[in-house]
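The block underneath contains the structure these notes are about, expressed in structure tokens.
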Amino acid sequence: MISPNMHYAELKDSYLFYTIKQKTLAYLQAHPDAKLCHMGVGDVTLPLCPAVIRALHEAVDDQADPLRFHGYMPECGEPGLRETIAAFYRSRGVDIAAEEVFVSSGASNELGDILDLFDPHGSTLIMEPAYPAYVDVNTMAGRQIYHLPSGMDEHFLPMPSDTIHGDLIYICSPNNPTGSVYNREQLKEWVDYANLHGSVILFDAAYEAFIEDDSLPHSIFEIEGARTCAIEICSLSKTAGFTGTRFGYTIIPAELVRAGMSLNRMWVRNRTTKTNGVSYIIQKGAAAVFTEEGRAEALSNLRYYKQNAAIMIETMERLGFRYCGGLNAPYIWMKCPHQMDSWSFFDYLLNELQIIGTPGIGFGNCGEGYFRFSTFGSREETMEASRRMLAHPW
Ligand code: MLT
């Protein structure tokens with residue numbers, strides 16, 4: 001009889017956001033007239049910007065024309081688009097070559113797929129609170145996971161520890177769920193640590209576009225020494241509303257070599273074997289995000305979400321709740337009132353105020369007692385959630 005991957009038995013029964021969806025559906029079944037405010041999963045609500053829509057339409061027309069039709073796309077990405085993304089990095093002072101850019105269908109796919117590059121018996125360091133897929137994909141792969149917890153006092157920005165190590169280090173900055181961002185000096189410490197130990201940093205830059213403070217790094221490659229120890233994974237999901245369209249990119253520098261193996265060449269080997277590339281239509285739509293017009297339009301959508309964040313920040317301030325985030329990231333991370341645990345607060349908010357958020361415990365044990373609000377909702381629902389919270393007798 002075939003043996004299944006028994007590591008699946010180590011996973012929680014259900015993925016965090018799936019559980020929230022089931023609880024929401026159950027509530028709506030019992031209360032069909034409820035007007036819920038959705039601030040749970042970080043899913044965008046504004047449509048794709050006009051420059052992207054135009055490019056997508058043109059690409060569809062190309063596929064209808066025998067002279068402009070495209071079949072299989074290059075597995076690592078259309079060369080012109082790889083160069084466009086590299087040039088985008090160079091415009092921010094980061095020297096990246098087109099061959100170091102790999103086009104993907106989104107960051108979440110890559111965060112798990114990239115584990116193919118590493119020995120499954122290796123170890124992973126996950127600083128928490130963390131996006132729950134980090135733990136789940138490493139569990140599925142059978143890797144040894146070490147958790148590095150952090151708290152409000154250190155602004156949820158843990159630094160290298162003398163006692164907790166891992167070969168593969170996940171860093172998400174700006175952080176999901178806390179909204180905290182590492183500064184240059186702090187990231188330099190992680191880069192030095194990784195180079196010293198021969199580890200590799202997987203830098204999740206999915207929220208880089210939300211950074212407002214010019215002194216904060218958008219990319220790990222802004223840090224000296226990162227080219228020999230880091231892979232960066234980014235996505236247009238949050239930057240340009242591609243959650244349902246799917247597009248991302250991964251940067252693997254030529255200098256990233258372990259045990260004589262080039263990780264860049266290994267990833268070319270992996271992608272050319274395991275994928276047939278991202279569709280022509282989606283790559284055309286993604287390319288439009290990097291044009292002057294596309295960037296301006298995407299930024300205008302980000303400003304809308306930032307105004308939602310400002311509404312939630314003001315709400316937290318007026319209620320006197322302890323919180324962080326919302327400035328350089330689209331999430332508000334708050335301490336649950338009255339020592340409530342995360343799931344009790346979830347149920348309380350749902351039942352009393354019909355607001356959906358995400359329980360902090362879903363991001364690791366040190367998230368217990370915290371709660372996350374996404375600011376990707378509509379203005380109407382954000383304002384309504386704020387109104388209900390301010391009117392509530394806490
Ligand atoms: C989240 O809510 O944490 C994320 O948006 C989910 C995701 O990116 O897959």
Side-chain angles (χ1 to χ4, degrees), residues 11-12 14-24 36-46 48 104-114 126-140 156 170-181 202-210 232-250 298 301-302 304-306 308-309 312 324-326 328-334 342-343 346 349-350 355-364 366-367 370-378 381-382 385:
L11 295 167
K12 289 196 186 109
S14 153
Y15 186 58
L16 175 64
F17 296 109
Y18 183 77
T19 309
I20 292 173
K21 197 182 282 173
Q22 297 313 306
K23 278 184 170 265
T24 307
L36 296 181
C37 298
H38 297 89
M39 306 180 88
V41 68
D43 194 4
V44 294
T45 47
L46 291 177
L48 293 169
S104 77
S105 295
S108 20
N109 310 33
E110 294 285 279
L111 287 163
D113 290 354
I114 204 90
I126 298 180
M127 32 199 101
E128 290 177 349
Y131 179 46
Y134 299 164
V135 169
D136 286 0
V137 295
N138 278 275
T139 303
M140 289 172 186
F156 296 103
Y170 280 72
I171 298 182
C172 178
S173 179
N175 181 266
N176 175 13
T178 65
S180 301
V181 191
L202 269 191
F203 190 78
D204 180 350
Y207 298 97
E208 62 81 18
F210 288 81
E232 181 157 301
I233 293 181
C234 201
S235 142
L236 293 188
S237 284
K238 313 295 155 74
T239 307
F242 270 57
T243 53
T245 308
R246 310 306 305 152
F247 183 86
Y249 49 92
T250 296
N301 285 1
L302 290 194
Y304 175 92
Y305 298 130
K306 280 179 170 291
N308 284 348
M312 288 309 289
C324 58
N328 295 298
Y331 298 117
I332 308 278
W333 179 250
M334 68 167 277
S342 303
W343 276 113
F346 175 91
L349 272 189
L350 178 57
I355 297 171
I356 312 276
T358 305
I361 182 83
F363 301 95
C366 63
Y370 287 91
F371 202 75
R372 191 195 79 173
F373 290 108
S374 156
T375 60
F376 284 116
S378 68
E381 283 192 12
T382 308

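When reading the values below, keep in mind they use all heavy atoms of this one structure, side chains included, and skip hydrogens, waters and symmetry mates. Counting convention: from 1, in listed order, for ligands and their atoms alike.
A centroid separation of 6.0 Å or more is found between the aromatic rings of Tyr207 and Tyr305. Proximity of the aromatic rings of Phe156 and Phe363 is defined here by a centroid distance below 6.0 angstrom, and this criterion is not met.
Under the 3.5 Å distance criterion, with hydrogens and angles disregarded, no donor-acceptor pair is assigned to the side chains of Ser378 and Thr45.
No more than 12 heavy atoms of other residues, nucleotides or ligands lie within 6.0 Å of OH in Tyr18, so this atom counts as exposed by the packing criterion.
The side chain to side chain contact (heavy atoms under 4.5 Å, CB included) search around Ala298 returns Ala240, not counting sequence neighbours.
Between Thr19 and Phe346 the shortest side-chain heavy-atom distance does not fall below 4.5 Å.
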Show the distances, to 0.1 Å, for all pairs joining an N/O atom of ligand 1 and a protein N/O atom that are shorter than 3.5 Å, listing one pair per line.
from     : atom 1 : to     : atom 2 : distance (Å)
ligand 1 : 2 (O)  : Gly42  : N      : 2.6
ligand 1 : 2 (O)  : Arg372 : NH1    : 3.4
ligand 1 : 2 (O)  : Arg372 : NH2    : 2.7
ligand 1 : 3 (O)  : Asn176 : ND2    : 2.8
ligand 1 : 3 (O)  : Arg372 : NH1    : 2.8
ligand 1 : 5 (O)  : Gly42  : O      : 3.0
ligand 1 : 5 (O)  : Lys238 : NZ     : 2.8
ligand 1 : 5 (O)  : Tyr331 : OH     : 3.4
ligand 1 : 8 (O)  : Lys238 : NZ     : 3.0
ligand 1 : 9 (O)  : Tyr131 : OH     : 2.6

